[in-house]
Amino acid sequence: MKTVLGTVAAAFSMFSALPVPQAPWDERHMRWMLAAFPLIGLVTGAACWAWWALCSALALPAILRGAGLCLLPVLITGGVHLDGYADTCDALASHAPPERRQEILKDPRLGAFAAIRLCCYFLASFALWTAMPRFDGPAFLLALCMSRALSGLAIAAFPLARNSGLAHTFAAAADRKKLRSLLAALSILLAAMLCLRGIGGTAMAAAAFCVFLYYRPMARRNFGGISGDLAGWFLQTAELWMLGAACTAQYLEPFFRRLL
């Protein structure tokens, strides 16, 4: 039990900005850290659900509700995944060879294309949250867990771009075969539970798997494999597409009901 709690604490200290007891980053805790990664999605989804409920109870305007839902995941994670998203966008926009793109990923400076893509990302996220007719709390809990389960699965299963960096550290410390099996089963289970939520949940699961299927060839073609920054890119992209799928499905529900 002590090892399990230490693994969860290590995962939250790495992938969130929430105050948690510090656990040593040793092999015992890092071995299954990626398996605890989806729990951060559970906390993030619960916080978003609570904010939606508060806004509904106080009859707050949709624009304030959307702003809170857009910012809460960033505040909880500390922007750790957005950093990788921005670096990856910069590298992709360079149209340089994979070796040069790897150098751009290591550059701590924010490039112009990264700034542009971040602005577009937040604008799209804010618009979708504001336009969302209703919030399916259980579906978003499952979705934010699923995006992290798929992200961990990629690190355990996909080829890595280099033998260094955060992704390599996690992959080297983990029992990759067992971790792949666990995260693959968890991803399928979460997808099935999402589908039980109706058209919106099914659309979210499909969107996540589409981004996941695109992720591997994109990473190999442009970078020679995945890395910690690319893991951040995947997570942010998958969640934005899942949000877009959920919002679109809600507006199309009357059409599907007429067909059925």
Side-chain angles (χ1 to χ4, degrees), residues 15-16 18 35-57 60 62-77 81-82 85 121-122 124-154 182-215 234-260:
F15 298 114
S16 82
L18 299 174
F37 189 21
L39 294 176
I40 298 156
L42 189 68
V43 172
T44 305
C48 290
W49 194 353
W51 176 251
W52 183 285
L54 178 64
C55 290
S56 299
L60 297 178
I63 191 170
L64 183 58
R65 181 191 69 203
L69 292 168
C70 181
L71 294 175
L72 268 174
V74 183
L75 297 176
I76 291 172
T77 63
H81 309 301
L82 276 172
Y85 176 83
Y121 186 95
F122 278 111
S125 177
F126 173 68
L128 289 168
W129 279 124
T130 303
M132 185 84 66
R134 66 181 185 279
F135 186 83
D136 186 345
F140 278 95
L141 282 175
L142 295 169
L144 293 176
C145 291
M146 182 179 172
S147 63
R148 286 161 174 79
L150 289 173
S151 181
L153 175 60
L182 175 63
L183 290 175
L186 179 60
S187 299
I188 293 170
L189 176 62
L190 291 169
M193 293 173 70
L194 269 173
C195 291
L196 293 176
R197 299 300 303 174
I199 296 172
T202 303
M204 294 172 83
F209 277 123
C210 285
V211 177
F212 185 74
L213 292 175
Y214 172 74
Y215 180 26
F234 165 76
L235 186 72
Q236 297 295 157
T237 303
E239 290 183 355
L240 185 63
W241 279 87
M242 292 169 91
L243 175 60
C247 189
T248 302
Q250 288 188 22
Y251 281 100
L252 292 179
E253 273 181 3
F255 172 76
F256 286 116
R257 287 200 186 99
R258 286 197 295 270
L259 287 179
L260 298 174

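Please read all numbers here as calculations on a predicted model, not as lab measurements. FYI, the numbering just counts along the sequence from 1.
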Could you walk me through whether C210 and W241 satisfy the side chain to side chain contact (heavy atoms under 4.5 Å, CB included) test, starting with their C-alpha distance in whole Å, then the side-chain angles of each, then the deciding distance to 0.1 Å, before giving a yes or no?
CA-CA 9 Å; C210 285; W241 279 87; over 6 Å; no

Determine, stepwise, if the pair L39 / F15 fulfils side chain to side chain contact (heavy atoms under 4.5 Å, CB included).
CA-CA 10 Å; L39 294 176; F15 298 114; over 6 Å; no

Over all heavy atoms of both residues, which pair between A245 and A203 is shortest? Give the atoms and the distance, please.
CB-O, 3.5 Å

Got a donor-acceptor contact below 3.5 angstrom from the R148 side chain to the L144 backbone?
yes

Would you confirm whether W129, through its side chain, and A67, through its main-chain N or O, come within 3.5 Å as a donor-acceptor pair?
no

Taking atom CG of L18 and atom CD1 of I40, what is their separation to the nearest 0.5 Å?
8.0 Å

Considering all heavy atoms of both residues, which atom of A149 and which atom of L186 are nearest to each other, and what is their separation?
CB-CD2, 4.1 Å

Ignoring hydrogens and angles, tell me if any N or O in the side chain of S151 forms a donor-acceptor pair with the backbone of S147 under 3.5 Å.
no

Given F140, which of W49, F135, W51 fulfils the ring pair (Phe, Tyr, Trp, His ring centres under 6.0 Å) condition?
F135

Measure the spacing between CZ of R134 and SG of C247 and express it to the nearest 0.5 Å.
10.5 Å

Considering non-hydrogen atoms only, spot the tightest contact between T130 and G66 and give its length.
OG1-CA, 3.7 Å

Enter the distance from S125:OG to F122:CZ here, rounded to the nearest 0.5 Å.
7.5 Å

Would you please test F234 and L150 for side chain to side chain contact (heavy atoms under 4.5 Å, CB included) and show each step?
CA-CA 9 Å; F234 165 76; L150 289 173; 3.7 Å; yes

If you draw a 6.0 Å radius around CD1 in I63, do more than 12 non-hydrogen atoms from other residues or ligands fall strictly inside?
no

List the steps, then state whether side chain to side chain contact (heavy atoms under 4.5 Å, CB included) holds for L183 with F37.
CA-CA 10 Å; L183 290 175; F37 189 21; over 6 Å; no

Below 6.0 angstrom between ring centroids: does that apply to H81 and Y121?
no

Which value, rounded to the nearest 0.5 Å, describes the distance between M204 atom CE and L243 atom CG?
7.5 Å

Which pair of non-hydrogen atoms, one from C145 and one from P38, has the smallest distance, and what is that distance?
SG-O, 3.3 Å

Gap separating the CG atom of L71 from the SG atom of C48, nearest 0.5 angstrom
10.0 Å

Student check: side-chain heavy atoms of L252 and I199 closer than 4.5 Å
no

Heavy-atom donor-acceptor pair, Q250 side chain to M132 backbone, under 3.5 Å:
no

Looking at A47 and I76, what are the two nearest heavy atoms and their distance?
CB-CD1, 3.6 Å

So which atom in C195 and which in A205 form the shortest heavy-atom distance, rounded to 0.1 Å?
SG-CB, 4.5 Å

